[in-house]
Amino acid sequence: MYKKYVSTRANQQEISFYEAIIQGIASDGGLIVPNFELEKIALEKLLKQNYVEIASIILNKFLDDNNNLIEQACNKAYNNNFIDNVINIEKVDNIYVSELFHGPTAAFKDMALSLLPHLMRLSIDKLKIKKDILILTATSGDTGKAALEGFKNVEGIKIIVFYPTDGVSQIQKQQMISQVGDNVDVVAVKGNFDDVQTRIKEIFNSHEIKDLAVNNDILLSSANSINIGRLLPQIVYYFVSYINLVNNKEINLYDKVNFCVPSGNFGNIFAAYLAGQMGLPINKLICASNKNNVLTNFINTGIYDINRPFYKTNAPAMDIIVSSNLERFLYYISNKDTELINKCFNDLKNNKKYQINDELKNKIKEVMFAGMLEEKEILTTIKECYLKNNYLLDTHTAIAYGVLKNYQNETNDRTKTIVMATASPYKFTKDVYKALYEYELDDFIAIEELNKKTKIAIPKPLQKIKDRKIRYKTVIEKDEIVNYVKNKIEKYR
Ligand SMILES: *Cc1c(COP(=O)(O)O)cnc(C)c1O
């Protein structure tokens, strides 16, 4: 009963869970996926359980190991740095909003990035790795800070975070460049998120850099959602959100629900899909995008085309054109057709686009609906929701909220729906403030003003943020990333 992992492109040998965590991306350029049938979760058993208990039950389905290690890791990850039971669900109008932003950096990425360092530590011990691990991370804003918080001062691990200079909010930037910890580094890159992510993927696929790392006793790994250890912890909050509604008698056990997810790299919504494969009763997944609507187009037409302008929007964590985790979704929805995956991603590399056939497209449409919101619509959604319900959405969550409203108007689907709230409104305060008061303020002033006017509390991790000491000022060109990493590897010795 060994649980092994393979690549979506089928050109890598089977590896264990622990090897998958350390390796990050598959050696053939594909993504690592389970090579076993996903087990169904008995929902009744989750009813009176808390977040850590549910997380342990779910994650234990992904490795053969004694229960305790994963449970200990979950306890360490979630018991101190989050609110009780980790997430909070609010009913707003006729919609359930699952607030995933009550962790150390006020974004949903905290759930996965608080656990990943513990999974990595576990894997280092299991595999008896004697080298230091270097984590390279590309961020559109939230991953970077959440990864820095998760990995700071973890023994045997170093981390470098690369962020696009103008692609993150002032608050996100301040969170990152003021990061403390002896093992962290933060670098601004002139370019957009895709520029950064592409270079980091190149590094992971470069034999030259791998050899250099080996010679310097370093192992490279990733904290992006291409890492399976980033992905799997996200399955948990779909179960927890669902069970919360059952416990509060909003739904009956086994009723189907919809989830609406603001999507970028497609990791979060893919975790929802996996939750469905593990028995969570899901009717539709609603994939919400901003103006970089490559996913909306793909789901509606079957054509994935990256030959398009890149827009910097007021929901920057979703300014992504190459959505990595879509590869894993295609692998599953096509019944593990690795030939198709290879063809698609070769086409993407060579022609900047790929197309799937109608049969597959229709299969996707059965499980998924896709829609997008323009920047102006994001602002009106925030304002309308606040005026009507006294509830404040951040720009990303507002996209999901607005796309869901459109979906409900366009279809007869009255299934109860949970919107995944991926960030606190105080992380993108400038735009949230502008949405409510039609006036633009500097982010740091907007935090105070928004708090004064709405009386909604500023999350702890964002209080007094502007007074923090800046520790990182390096700015490089996108074509310098590779050399920057090489130099670092040599210097660590
Ligand atoms: C990362 C992020 C997203 C996108 O999630 P994916 O898993 O990349 O699709 C949405 N909203 C916020 C606030 C984020 O930080």
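Numbering of ligands and ligand atoms starts at 1, following listing order. As the structure is a computational prediction, the values presented were derived from the model and not from experiment.
- Counting atoms of ligand 1 from 1 in the listed order, those under 4.0 Å from a heavy atom of Gly267 are 6 (P), 7 (O), 9 (O).
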>> Would Lys388 and Asp93 count as a salt bridge (Lys or Arg N to Asp or Glu O under 4.0 Å) here? Give the steps.
In response: CA-CA 8 Å; Lys388 189 167 174 209; Asp93 204 351; 2.9 Å; yes
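- The protein heavy-atom contact nearest to atom 9 (O) of ligand 1 is Gly264 N, 2.7 Å.
- Which parts of ligand 1 touch Ala423 is read off a 4.0 Å heavy-atom cut-off, strictly below it: atoms 13 (C).
- Residue-to-ligand polar distances keep Ala317 apart from ligand 1: every N/O pair is separated by 3.5 Å or more.
- Scanning all heavy atoms of the two residues, the minimum distance from Ile157 to Asn183 falls at O-ND2, 2.9 Å.
- The shortest N/O to N/O separation between Asn265 and ligand 1 falls below 3.5 Å.
- By the 4.5 Å heavy-atom criterion applied to side chains, Tyr332 and Leu274 are counted as neighbours.
- Of the possible donor and acceptor atoms, none in the side chain of Asn451 sits under 3.5 Å from a partner among the backbone N and O of Ile447.
- At the shortest separation from atom 14 (C) of ligand 1 among protein heavy atoms lies Lys109 NZ, 2.8 Å.
- Distances from ligand 1 to the non-hydrogen atoms of Phe101 include no value under 4.0 Å.
- In terms of N/O distances under 3.5 Å, ligand 1 is not approached by Asp394.
- Of all the heavy atoms of Met318, the ones lying under 4.0 Å from any atom of ligand 1 belong exclusively to the side chain.
- In this structure, atom 7 (O) of ligand 1 lies nearest to the protein heavy atom Asn268 N, 2.8 Å.
- At the shortest separation from atom 11 (N) of ligand 1 among protein heavy atoms lies Thr422 OG1, 2.9 Å.
- Cation-pi geometry between Lys291 and Tyr311 is met: under 6.0 angstrom from the ring centre, within 45 degrees of the axis.
- Under 3.5 Å, the side chains of Ser324 and Lys201 contain a donor-acceptor pair of N or O atoms.
- Remark: Lys427 fails to qualify as a cation-pi partner of Phe101 under the 6.0 Å distance and 45° angle criteria applied to the six-membered ring.
- Each of the following atoms of ligand 1 lies closer than 4.0 Å to a heavy atom of Asp142: 12 (C), 13 (C), 14 (C), 15 (O).
- Of the candidates Ile160, Asp195, Val196, Val196 is the only one forming a side chain to side chain contact (heavy atoms under 4.5 Å, CB included) with Ile481.
- Scanning the protein for heavy atoms near atom 5 (O) of ligand 1, the closest one is Phe108 CZ, 3.7 Å.
- Under the 4.0 angstrom criterion for non-hydrogen atoms, Pro262 is in contact with ligand 1.
- Checking Asn292 against Asp319 by side-chain atom types alone, a donor-acceptor pair falls below 3.5 Å.
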